[in-house]
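Residues: numbered from 1 along the sequence shown.
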Amino acid sequence: MSTLGLKLRQGALLTLALVCAIAVLAIGPLFPGAQYYAGNGPSSVAAGDLNGDEWLDLAVANEWSDNVSVLLGRGDGTFAEAVHYPAGDGPRCVAVGDLDGDEWPDLAVANSDSDNVSVLLNNGDGTFAAVVQYDAGNHPLSVAVGDVNGDEWLDLAVANYYADNVSVLLNNGDGTFAAPAHYGAGDAPRSVAVGDLDGDDWLDLAVAGNGVSVLLNNGDGTFAAAMHYDAVGYLLSIAMGDLDGDEWPDLALANKWGFGVSVLLNNGDGTFAEALQYGAGVCPVSVAIGDLDGDGWPDLAVANSQDPCEPGGASASVLLNRGDGTFAELVQYGAGRYPSCVVIGDVNGDDWLDLAVANEYGNDVSVLLGSGEGTFAGPVQWDAGIQPSSVAAGDLNGDEWLDLVVANHYYEDYISVLLNNSDGTFAAPVQWDAGGRPASIAVADLDGDEWLDLAVAYDYSDNV
């Protein structure tokens, strides 16, 4: 794999599960991505090579199950079954970085209901040690990693929604963290990103809330008073990147109630021009930056959350850079139910950037493989049952091809098994009685006979 697929941008992504009641006509083709089960209520996803095999893996924060799921990449754009690690109460955002200096990426998680940050240190093999908690502020929704005080150790920045501030936790030089220092960050901060915005080689902070706040580093890991900029809508996610080729980091923000993306171009001194608005889809909640079409200009990927009144609204949108920091009309791709977060990385080793989307109400992750031209592939859809709630993959019949198992939740108490035709297509589903409205399913050899078995969680009967 080239180093392109291993480069991670600093910052973090998040979402709020709020209702949006306006429908927007989809533009362009809608293709579904490959789905992978994560946890209950995935709200954020981050990518990094967690086990040192040079393939990108995924970490997912699951708000409703109070844990983090790790899905290791197989090296071909597919992922192994999720492994779950306890986090805190209501984890809303996960960030990846080497926090203890051992050259293995660790995890930092913002926990909205326990007012703290969880740190999970990598054991050196893609598994993680027991969680350690650090105080943050009131209702943290986002966490970002970066060396803000110049000691070569990654620190943490946390956006605290109810406290109207950002907490900065400096690394003690061993993967543990000092007590937080708090800085005012405007009204209702929901996302924070880290980057050198004014060219002085010190990392600054950009915060999305009811407007945009920029906090410049004083050159010692403390921060000047916030500068505030207007942007349209309810800002949920912020990303940094040089969008117009002038070598200064610009800002892109997802506006859930503005139904678009705001782009603020850097004036070349850490101040920003008036926001430019671009349509992005129905209720955008997350934005990421990457060169999706290989032309050397950073593009935008956006997760558009499910509109309960317009089920076709849920999607991932791609806005290609015109080569001057402005963006072409969006193209939309199907994702899952209520997409909450999007991340960019080369997951299949072809040197082209792909997309991974966490689907909050679908309890899964969608993977959309990039063509290298700014378009994305999606699998053919197959009938599975009435309102499927979860899908798992495994070789169920011993032919070395992955089959699919789907839990059908709402109207019929059964699971569907779709056997692979040995070419990536699937036979008609065979249905098996389950019970109690199956909500989630896992595949594993439970009795040691080398044949994969099924474990099903039932929503209404409180059993497995």
Side-chain angles (χ1 to χ4, degrees), residues 10-20 43-44 61 63 90-93 95 110-113 115 117 136-146 148 156-169 180-195 197 203-217 223-240 249-264 266 270-277 280 283-289 302-303 305 340-341:
Q10 291 174 320
L13 303 171
L14 75 159
T15 184
L16 293 176
L18 299 176
V19 173
C20 172
S43 58
S44 171
E63 180 184 1
R92 297 293 287 271
C93 178
N111 302 302
S112 61
D113 294 336
D115 297 339
V117 178
N138 192 350
H139 205 64
L141 294 181
S142 174
V143 60
V145 299
V148 301
L156 304 179
V158 184
N160 303 302
Y161 180 73
Y162 290 141
D164 295 338
N165 64 18
V166 174
S167 299
V168 174
L169 292 79
H182 305 294
Y183 300 89
D187 185 26
R190 291 180 282 271
S191 181
V192 60
V194 176
L197 298 177
L203 294 181
D204 310 302
L205 305 179
V207 184
N210 294 339
V212 184
S213 299
V214 172
L215 294 81
L216 297 180
N217 198 316
F223 292 86
M227 297 180 288
H228 303 291
Y229 299 89
D230 291 332
V232 174
Y234 190 78
L235 305 178
L236 282 177
S237 172
I238 188 168
M240 288 183 186
D250 308 303
L251 304 178
L253 303 104
N255 302 321
K256 183 168 184 178
W257 295 349
F259 311 113
V261 173
S262 297
V263 173
L264 288 78
N266 198 317
T271 65
F272 291 84
E274 184 177 354
L276 302 174
Q277 308 295 334
C283 303
V285 293
S286 175
V287 60
I289 295 174
V302 183
S305 60
S340 59
C341 177

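Looking at every heavy atom in both residues, A157 comes nearest to V192 through O-CG1, 3.5 Å. Of all heavy-atom pairs between S340 and S44, the closest is OG-N, 4.4 Å. Taking each heavy atom of K256 and S305 in turn, the nearest pair found is CE-OG, 3.7 Å. Of all non-hydrogen atoms in A185 and S213, the two that sit nearest each other are O-OG, 2.8 Å. Pairing each heavy atom of P91 with each of S43, the nearest pair is O-OG, 3.3 Å. Of all the heavy atoms in A231 and V212, the pair that sits closest is CB-CG2, 4.1 Å.
Listed for the S262 side chain is no donor-acceptor partner under 3.5 Å among the backbone atoms of L253. Judged purely by atom type and a 3.5 angstrom limit, S286 has no side-chain atom pairing as donor or acceptor with the backbone of A303. Judged by distance alone, with hydrogens and angles left aside, the side-chain atoms of D204 form a donor-acceptor pair with the main-chain N or O of L197 at under 3.5 Å.
For the atom pair CD of E274 and CG of L264, the computed distance is 9.0 Å after rounding to the nearest 0.5 Å. The distance from atom CZ of R92 to atom CZ of R190, rounded to the nearest 0.5 Å, is 11.0 Å. Here L251 contributes atom CG and M240 contributes atom CE; the two are 6.0 Å apart, rounded to the nearest 0.5 Å. A distance of 4.0 Å separates CG of N266 from CZ of F272, quoted to the nearest 0.5 Å. Annotation: the span from H139 atom NE2 to Y162 atom OH amounts to 4.5 Å, rounded to 0.5 Å. To the nearest 0.5 Å, atom CG of residue L203 and atom CG of residue L216 are 11.5 Å apart.
With contacts defined as side-chain heavy-atom distances shorter than 4.5 Å, the pair L205/V194 qualifies. Looking at V168 and P180, their side chains never come closer than 4.5 Å, going by heavy atoms from C-beta outward. Counting only heavy atoms from C-beta outward, the side chains of Y161 and N138 never approach each other to under 4.5 Å. The side-chain heavy atoms of N160 and S167, taken from C-beta on, include a pair separated by under 4.5 Å.
Of the candidates V287, V302, V261, S237 forms a side-chain contact (heavy atoms from CB on, under 4.5 Å) with just one, namely V287.
When the side-chain contact (heavy atoms from CB on, under 4.5 Å) test is applied to D164, the partners found at least two apart in sequence or on another chain are D187, P189.
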